[in-house]
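One structure is given here, and the rest of the page talks about it.
In this text the structure is predicted, and so the values were computed from the model without any measurement.
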Amino acid sequence: MRSIVFSFKKSALAGRRIRRITLSDLRYFFKRYGIRALFAAILLCGLVTGSICAQNSDESLLNSLDFLFTTNLDARLAQNAAGTFCACFASDFIFLFSVFLFGLTPWGVFVMPLAVLFKGFGTGITAGYLFLSEGLAGVGFYLLVLLPGTFLFCIALVLFSAKSFAFSKNMFGFTFGKHLPPKPMRSGLLVLCSQFMSSLIMTFCASLIDAALWTLFAGAFNF
């Protein structure tokens with residue numbers, strides 16, 4: 001009986017014990033996931049900035065951004081499923097392909113964060129516009145129709161941006177600092193192209209989700 005009570009107390013104390021995060025844990029995290037966390041933070045900053053700027057945006061600005069973001073609901077609602085898929089895939093492909101091209105240049109390390117920031121800004125301005133102009137209906141529309149595909153593409157963009165940034169950084173160090181890359185550039189380029197194809201597949205799936213949700217649920221909202 002005593003052994004049972006003792007083991008129970010020991011397990012309870014072990015459950016209460018919280019593992020402290022040490023400096024070595026933080027170093028390991030930033031060494032392995034630092035670039036991904038950086039691009040996720042950049043995307044989040046753009047999202048917050050776009051949401052704030054949405055309250056001062058006029059209709060002409062929103063219509064001009066519709067090719068890259070979903071800011072003209074009337075035009076999108078008038079499209080069929082194929083048109084919605086093409087519009088979503090084209091806008092996402094522009095950002096993904098831009099990051100790929102920036103990764104092939106040594107100066108891409110300076111431009112690539114701006115592309116991710118602009119994507120977050122457009123996403124935020126779309127969400128802010130819906131929330132401010134349509135109220136609860138806009139919140140429901142964004143969460144049900146726009147968010148799933150947008151979230152999947154943002155994951156693909158952040159992951160691929162981290163890989164492309166690392167390749168561009170190696171090119172920058174080799175071009176201007178004369179530092180040899182950790183592995184041959186040819187093999188690194190093949191890996192980058194393979195990761196680009198994987199991200200492109202995720203983008204394709206995100207566009208399919210967007211098209212399906214627009215077709216099934218967009219008509220239920222009266223804007």
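Taken from CD1 in Ile42 to NZ in Lys119, the straight-line distance is 15.5 Å, to the nearest 0.5 Å. Between atom CE of residue Met112 and atom CZ of residue Phe167 there is a gap of 10.5 Å, rounded to the nearest 0.5 Å. Note that CZ of Phe100 and OG of Ser168 are 12.0 Å apart. Values are rounded to the nearest 0.5 Å. Rounding to the nearest 0.5 Å places CG of Leu213 at 10.0 Å from CG of Leu147. The OG atom of Ser198 sits 11.0 Å away from the NZ atom of Lys163 when rounded to the nearest 0.5 Å. The structure places CG of Leu44 at 11.0 Å from OG1 of Thr123, a figure rounded to the nearest 0.5 Å.
If you chain together hydrophobic residues whose side chains sit under 4.5 Å apart, Phe95 and Leu104 fall into the same group. Each of Val48 and Leu157 belongs to its own hydrophobic cluster when Ile, Leu, Val, Met, Phe, Trp and Tyr are linked at side-chain heavy-atom distances under 4.5 angstrom. If you chain together hydrophobic residues whose side chains sit under 4.5 Å apart, Trp107 and Phe39 fall into the same group. Both Met197 and Leu189 belong to a single network of hydrophobic side chains, linked directly or stepwise wherever heavy atoms of I, L, V, M, F, W or Y lie under 4.5 Å apart. Under the 4.5 Å side-chain heavy-atom criterion for ILVMFWY residues, a single connected hydrophobic cluster contains both Val111 and Val116.
Partners of Cys45 according to the side chain to side chain contact (heavy atoms under 4.5 Å, CB included) rule, which considers only residues two or more places apart in sequence or in another chain, are Leu117. Under the side chain to side chain contact (heavy atoms under 4.5 Å, CB included) criterion, Leu114 pairs with no residue at all, not counting sequence neighbours. Qualifying ring-ring contact (aromatic ring centres under 6.0 Å, His included) partners for Phe110, counting only residues two or more places apart in sequence or in other chains: Phe172.
Scanning both residues, Phe153 and Asp92, for their nearest heavy atoms gives CZ-O, 3.3 Å. When every heavy atom of Leu152 is checked against every heavy atom of Ile209, the shortest pair comes out as CD2-CD1, 4.0 Å. A pairwise comparison of heavy atoms in Met171 and Gly103 identifies SD-O, 4.0 Å as the closest pair. The two residues Ala115 and Phe102 come nearest to each other via the heavy atoms CB-CE1, 4.1 Å. When all heavy atoms are compared, the tightest approach of Ser164 to Leu192 is CA-CD1, 3.7 Å. Closest of all the heavy-atom pairs between Ala206 and Gly149 is CB-O, 3.4 Å.
At a threshold of 4.5 Å between non-hydrogen side-chain atoms, the residues Phe121 and Leu47 do not count as touching. Looking at Trp214 and Leu146, their side chains come closer than 4.5 Å, going by heavy atoms from C-beta outward. Using a 4.5 Å heavy-atom cutoff, the side chains of Phe141 and Phe217 are not in contact. For the pair Leu130 and Val139, the minimum side-chain heavy-atom distance is 4.5 Å or more. Contact check for Leu200 versus Phe89: side-chain heavy atoms found under the 4.5 Å cut-off. Side-chain contact between Ser199 and Leu159 is absent, with no heavy-atom pair separated by less than 4.5 Å.
A donor-acceptor contact shorter than 3.5 Å links the side chain of Thr84 to the backbone of Asn80.
Relative orientation of the Phe196 and Phe160 rings is tilted, given thresholds of 30° and 60° on the angle between their planes. Aromatic ring pairs are classed by plane angle as parallel below 30°, tilted from 30° to 60° and perpendicular above 60°; the pair Phe204 and Phe85 is perpendicular.
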